Amino acid sequence: MIIHNITNSLINFIPEVILFTMSMVILLAGTFECLKKYVFHLTVLSVIAASLIGINYLSTDSHLLFNSSLIKNNITEFFKYICYFIFLIQIVISKEYLKQNNLISGEFYSLLIFALLGCFIIISANNLIVLFLGIELSSLSLYSLIALNRSSFLSSEAAIKYFVLSIIASAIILFGFSYLYGISGSINILDITKYANNNEISNLYLFSYVLIFIGVAFKFAVAPFHMWLPDVYEGAPLPITNFIASIPKIAFFVFAFRFLNNNPIIDDENFSKLILFLGMFSIFIGNLFALAQKKIMRMLAYSGVANAGFIFIALFSALENNFSIAAFYVTSYSITTVSAISIITFLSSKKFNLIYINDLKGLASKSGYIAILLMVTLLSTAGIPLTIGFYAKYLVLDALVDRNLILIAVIVVLMTVVGLYYYLRVIWFMFFETGFNSLINTSGKFSIIILSLIPASILLIFLFPDLVFKYIFEILT
Amino acid sequence: MIANILSSLIWLPIISGFLILFCSKKVSYLNIYNIFINFIVFLLSIFLLINFNESSPEFQFVENIHWIPSLNIFYYLGVDAISVLLILLNTIIFLIVSIYNSTLSLKKTNHYYASFLIANGLTIGVFCALDAILFYIFFEALLIPMFLIIGIWGGANRIYASIKFFIYTFLGSILLLISFLYINSSISSFNVNSFYGANFSLIEQEWLFMAMAIAFAIKIPMFPFHTWLPDAHVEAPTSGSVVLAAILLKVGAYGFIRYVLPVVPLGAMSIDIYFIVLSLIAIVYVGIVAISQNDMKKLIAYSSISHMGFVTLGFFIIFQLFDNTSSAKDLVISLSGSMYQIISHGFVSAALFICVGSIYDRYKTKKISDLSGLLNQMPIYSWFFVFFALANCGLPGTSSFVGELLIIMSAFKANFIYAFLASGTLIISAVYSLWLVKRVIYGEIKTDLKENLDANFVERFILFSLALIVIILGVYPDYMMSFMNITLQHITENIIIKL
Amino acid sequence: MITMSHYLVFSALLFCISVAGIFINRKNILLLLMSIELMLLAVNTNFIVFSHYSNDITGQVFVFFILAVAAAESAIGLAIIVSLFRIRNSLEINLINNLKG
Amino acid sequence: MESILLLIPILLLASSIIIGLSSDSLNKFYSGVISTSLVFSSLILSIIVLIKIYSSNDEIYYDNFYDWISINGLNIGIGYLIDKFSSIMLVVVLFISFVVHVYSIGYMKHEEDFKRFFSYIALFTFSMILLVMSNNLIQLFIGWEGVGLVSYLLIGFFYKKSSAIKANLKAFLINRIGDMFFILGIVMIYSLFDSFDYRTMFLNLDSVNLSNLETYFGLNYIDFACLLLFIGAMAKSAQIPLHVWLPDSMEGPTPISALIHAATMVTAGIFMVGRLAPFYELTEFTTDFILIIGASTALFMGLIAIFENDIKKVIAYSTISQLGYMVSALGINAYTVSFFHLFTHAFFKALLFLCAGSVIMSLHHNQDIRKMGGLKSKLPVTYACFLIGTLCIIGFPLTSGFFSKDLILEVMLYEETTISFIAYIMLLIGALVTTIYSLRLMFIVFYGKYRGGDVEEISEQSNIILIPLILLAVLSLTSGYIIKVFVDLPIFMYGIKDIHYDGMVTYIEHGILSPATLTLVLGFFIAKKLYKDNKEFLFLENNFLVEIKKVIKTKYKFDELFLYSSDVLKKTSIFVTHKLDIGIIENVFVNGVPKKINSFSKILKKTSSGYLYHYAFSIVFSLVVIFGIILVRVL
């Protein structure tokens, strides 16, 4: 019986297993001179293999694996495939950048896959221990990845900051876990939910949730727990930033979903107000800070803070267990931000270091196509129609208005207008100014095709959004 | 074909616009392509006009697809008479602009044309969307091409102007979105027809009215939300200014008549006095501001604001008219006046901007103080300029007179003071238009340019056709008046029924 | 009599002390690592207390995992600190503020 | 009938368009001939119409050519209303226009923009016809503005002259002031009857209860509406204080001064009041107002003419003064009398202007009378015509001016109210003044010695200039004899107004014995002494008279008033642009708020110090705050 259970679980868990094994293989391959140049291909191959094999084992019903410590259902698979997609784009785009920065190595890709794996585990976890391990697996890999560029001043600084603060956050989450465990006597999240549904919400339970969600807020970089994000964005190598900006967000969304789904805490006034307040505060802080930024990555970071605020508001608005709004927001935001950072990665090179927004001056005259891609992406982040970002913001506003929180909707909206300014500033530098560094290398047909994937889908999904909506609404309600 | 004519009108220019991005860079082909597409769209709109049955108040050529069922958003298109007229205005102006553009030499011609083609399609979308969110999407997406047109091909201070334009309008429109969402949350529909049927309490209506009215007031623009327009006009390239003045401002006016007045009439009624006052301020005060402008484009921009003040005046006095007479007839006349003013101003301001643009092309200055006596050097041009300046001050026989007359007429029925202030425009508009003419056209020539600078064939053709339209509309307004009468009656009924 | 709440207060205090250690310490990064360790220990205490009082072994299992992870974290933390030290020959936290704004 | 009526304006419009758009290949002379013949055809048609009207019994032709606007509740047509009143006006307008066309072929032949000129006058005639024919207020207004437009264009005909373009702007703007009130009057009338149509309005006049209507500024509704309409007429017919544009409008070519600024356009105001007579019948305040305005215009503007030295401006002021007479007649509801003076004035004033034009042309565009003199022998035909014109204007017995002016004075006297008596006195003095300035002009220009220096080249112009003069001279002499027609002229649908008139002979007798003759004689002697014999009278150096002279020479500072107000407008505009539009809206709100946000954001940015312990502290601090708040709330 146990054996059967384990084999069954393993079969359902085979993509992760493949990723795990392959990361070891890649690590090994990196040590051999002759195989070193193939690590990139191996990585791509293994991710594709994992995702393709995973398709075989897709099923519509939910499975509990490994003694119900992991869950596999539509939701987890949906987000995992989004992650695969994002991850593939990231590694394909980052190759050139890594080569020029001498960062290509077995351990890099191995660690990256570990980070991905950690996020997958967070997505699937149904058990506090597994969850904790997932968080730590991804964080530990990311600490080392950030610091990977050992010669860089800023990388190390970013790494130490991220390291310390992230551990504080983990500890806060753990502290919350410990209370949760103490109250419910179980570390199984489904059991905890069951317990909460059957018993009245005690103060301790509320505290534990507050602690956990402060941790989540940290991971999402919701103000006032956002300080690490701009520094990491600026300090870390761009491919890592790209990863941090997107995949952990998705993972932690599923984390939040797991904790809130069917849980009466969501109707608790204090808790929901906390989430709402954090969201609002984050939108304020994010937009206001982003306004004054001169460095493009810091600007994107603060825009990330503002968007995290939106995600929290979306979580808040998840009345009647409707997490689809937040899910859509997270997905759309992650995808667009990956597109933005990928384009910046693509433009950056050793010869031309794209640090300031100024550096984008006149990009359109050098390469109009890339400028348009970046424009579409930024407009999507700003939530202008014709892009998927519009629906994301639309849904959040709709939810707020539905809950009759008009004033909050108006405030949120006014802050978006503030936010619009800094996106437009990038666009104006690209299109309206002249003087782009001519050394920039904008060739590379394949990369450009990959880069256009996301903007194209941003536009296409805008035109035909219903499939996505339907699917997300279906799996999350 | 006829069933999907609206979709064709919208998507043909948009898709061609995207295609032109990838087109060969040879300008002559681009010109032909661009004019051809715009011409086809123009023909389509004529076709629309011919097939439109103006005796029915219903929306026609309806296309209704359940676009996003999960959000209850429909791809719901349809036109009534005012939409048809505005679409026609739109296609004519874009055709003219495309012809005018072919005389210019620009950087990145294909991008320029693409922006205009896309703007063309989006504007038509605005005018025929009957689903609030669809409307909103077109409304807002329209900002992007205009933003790029001003920002990329504009003048020295283009960045400031374009950003201001974008953010200001965005600020307004996002309030509009919230209003739509609010309406949806209580009636679960974005359909215009259900909007008309919705009943809100007075306080709700007031708030909804404020939010939506600010959105459209920024777009029109009404005093005191007007300051983006002069900047945008001054910095925009000529064709951009033309589109901005002739089309974009009308979008705001259209929004009022489609989404504000019939939806929240009670709210509008309870605070209409503020908007009447603002309209009157726009007419008188902004007109006075226009007098001392030294930049021709700025002057025309302020005069546009002043003229749009008439439009909003015509919209908002209807409630007082209703109080005074409670007959639908007067309301219809007032709205007709506003609509006429919208269309007429579209042509007149377009022509004026083309005139100013061509002067700028030749003399590289828009400053009135730098110019004088153009009549000596470019007589044909100058006479067109004089004609349109006169049309701008509402000379009878030109289209501007009709709208102003009807609005002054209705304003009088509402209150003598309104009519008195509104008719002040007769003096003020004459002062700024003709003083401009006096300084720029008449007198001795200032510059040393000796070559023949008179209008070339294309410009003559454009200006002549615009002049012809202005005269025809002024001499025989009945066609358009009767054309939109039934629709306006229907709208008025929708308003009255809720009062 | 020492009740569960005493333990809980104790661990909460421990947590607070360790957090305070992080932001009060402005000299050496190594102290940070210690504080972090302490923080995780505070959590461990909590788990053990709950595990003990609810007669459930899972809490203690959790503690083992946390300890293991904490060890790994310390290792990585030290590695980062080493690389930091190599670049700038100092471990003062005061000097680490190139990323700001 | 309709086709004839349609043809009259169409021919004129066609003339305007053909000449205006014709290419350079069309010879100047031929284009003039084409234009003139088209106007002539219109004139013939209008005479046919006049004959038809008079041969039938009080028939009125009324219809719409087409619907200008025809929607539910609003019907405005472009059409015609031809009765005796308007048919006479039609003929007058077209006749003067024809004469001026002919004259202009000669007068303008050296001008480069010859065709533009003909296009304009054809357009002017068209607009005037539109105004005269109109059967509703809107068409009236369209024509009204149309003539104003052409007047604007023609005053600025010599667009390089800065005085000309100043004058045309001024003319248009002052007319616009009038138009503003005029259109308000129109909409007031409209909202009373819900119609612009004369017939509908007049037929419903009885059913409107006037006492129930709102009052404005203490005036009853119809009074106020009529007042507004009259302010429009004041601008167009150059009454105090809106007369300032007319003297300046003499910057235009002289034929234009004859056609537009003497005979036709400026009388549009008179025509309008006559057309709307049924309303003016109902007013009291407004007619008194009209009377005062008219009488003071007649007197005070005439005074200015005495001291004016520009030949055209003298005639212009005399025009204003004569318009004052017409307006005064309107002020006592004597519309037909006013119209009679309009009729005769059209001929003799056009004559005077054309004569002046001939003089100016002969003197190579010298308009200053101080440089003229002794032209009697050199320009005999012009002199004769000018003499006839002068006799008419001073009301010399048996000339046309005698009949019409005397009629005005007489009906004024018969009115027997205080105001009308005052007005009578003013008009009588005005008659004296008229005699003085007319004869002064005559004496200075044609008698004495030539003061312009170079003498030899002064001679009569070609026949094409002289024939119109003679034609007009004949009509000026004779047109007064159809006084009966005007005495019997019915005001639209209101029958014939009772005017004291018992046959021609009695009238002439009476007229010669009236005080007006006294003024004639007195004026003749004064003018002769002062200007022919150039005597200097010591009593004229009297302080009081010198002061008055000074005041008159300033033209009562009306020009300065308008200059000042335009200056104020300009300054206001600059002030509000900078202070309100840029200063407050733009700098405080539109740019101010973003700037504030931006600087706030920059301050905020500094708070992010980059120190790890600050970050940690802020996390902990937030944690504590959150917990504190939640604790307070739950406990």
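Quick caveat: nothing in here was measured; it's all calculated off a predicted structure.
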So, for B/F412 and D/Y190, is the gap between ring centers shorter than 6.0 Å?
no
Spell out, as yes or no, whether a donor-acceptor pair under 3.5 Å connects the side chain of B/W435 to the backbone of D/L169.
no
Measure B/S410 against the heavy atoms of chain D and call it side chain, backbone, both or neither at under 4.5 Å.
neither
Which one wins on heavy-atom pair count under 4.5 Å against chain B: D/I582, D/D67, D/I165, D/I177?
D/I165
Side chain from CB out, backbone as N, CA, C, O: work out which of these in B/L406 comes under 4.5 Å of a heavy atom of chain D, or both, or neither.
side chain
Any donor-acceptor pair under 3.5 Å from B/N485 side chain to D/I71 backbone
no
In the structure I gave you, are the side-chain heavy atoms of B/F225 and D/V590 within less than 4.5 Å of one another anywhere?
no
Step by step, work out the side-chain contact (heavy atoms from CB on, under 4.5 Å) result for D/R116 and B/W383.
CA-CA 11 Å; D/R116 185 155 62 84; B/W383 289 120; 3.4 Å; yes
Does some side-chain heavy atom of B/K329 sit less than 4.5 Å from a side-chain heavy atom of D/D194?
yes
Neighbourhood of chain B inside residues 143-160 of chain D, taking heavy atoms under 4.5 Å as contact
D/E145, D/L149, D/Y152, D/L153, D/Y159, D/K160
Interface check, chain D: of B/V431, B/V402, B/I408, B/N376, most non-hydrogen pairs under 4.5 Å belong to B/N376
Top residue by heavy-atom pair count (under 4.5 Å) with chain B, among D/I78, D/T572, D/I584, D/I138?
D/I138
Stepwise side-chain contact (heavy atoms from CB on, under 4.5 Å) check, B/V332 with D/L74
CA-CA 10 Å; B/V332 173; D/L74 181 66; over 6 Å; no
Proximity breakdown for B/V437 and chain D, heavy-atom pairs closer than 4.5 Å
side chain
Check whether more than 12 heavy atoms from other residues, nucleotides or ligands sit under 6.0 Å from atom OH of D/Y66, and answer yes or no.
yes
State, without any angle test, whether D/D581 and B/Y285 hold a side-chain donor-acceptor pair at a distance under 3.5 Å.
yes
As a quick check of understanding, evaluate side-chain contact (heavy atoms from CB on, under 4.5 Å) for D/L580 and B/V289, giving each step before the final call.
CA-CA 10 Å; D/L580 191 58; B/V289 169; over 6 Å; no
Working to the nearest 0.5 Å, report the span between NE2 of B/H226 and CD1 of D/I585.
4.5 Å
Does B/F166 have any ring-ring contact (aromatic ring centres under 6.0 Å, His included) partners at least two apart in sequence or in another chain, and if so, which?
B/F147
Keeping the roles fixed (side chain from D/S573, backbone from B/I288), state whether a donor-acceptor pair exists under 3.5 Å.
yes
D/R176 side chain vs B/A430 backbone, donor-acceptor pair below 3.5 Å:
no
Under 4.5 Å from a heavy atom of chain B, the part of D/F181 involved:
side chain
Counting heavy atoms not belonging to D/F562, are there more than 12 under 6.0 Å from its CZ?
yes
Counting only N and O atoms by type, is there a donor-acceptor contact under 3.5 Å from the side chain of D/W68 to the main-chain atoms of B/V475?
yes
Within the 4.5 Å heavy-atom criterion, are D/I186 and B/M409 side-chain neighbours or not?
no
With chain D as the partner, which of B/L375, B/I291, B/V286 has the greatest number of non-hydrogen pairs under 4.5 Å?
B/L375
With heavy-atom distances below 4.5 Å as the criterion, would you say the side chains of B/L395 and D/F172 are in contact?
yes
Is the shortest heavy-atom distance from the side chain of B/K164 to the side chain of D/E586 under 4.5 Å?
yes
B/K413 portion near chain D, given a 4.5 angstrom heavy-atom threshold:
side chain
Assess, by modelled atom type and distance only, whether the side chains of B/Y160 and D/N591 contain a donor and an acceptor separated by less than 3.5 Å.
yes
D/F224 versus chain B, heavy atoms under 4.5 Å apart: side chain, backbone, both or neither?
side chain
Derivation of the side-chain contact (heavy atoms from CB on, under 4.5 Å) call for D/I142 and B/F401:
CA-CA 9 Å; D/I142 294 174; B/F401 170 66; 4.1 Å; yes
So with a 6.0 Å cut-off around CZ of B/F416, is the heavy-atom count from everything else above 12?
yes
D/S70 versus chain B, heavy atoms under 4.5 Å apart: side chain, backbone, both or neither?
both
Can you find a heavy atom in the side chain of B/Y442 that is under 4.5 Å from one in the side chain of D/K161?
no
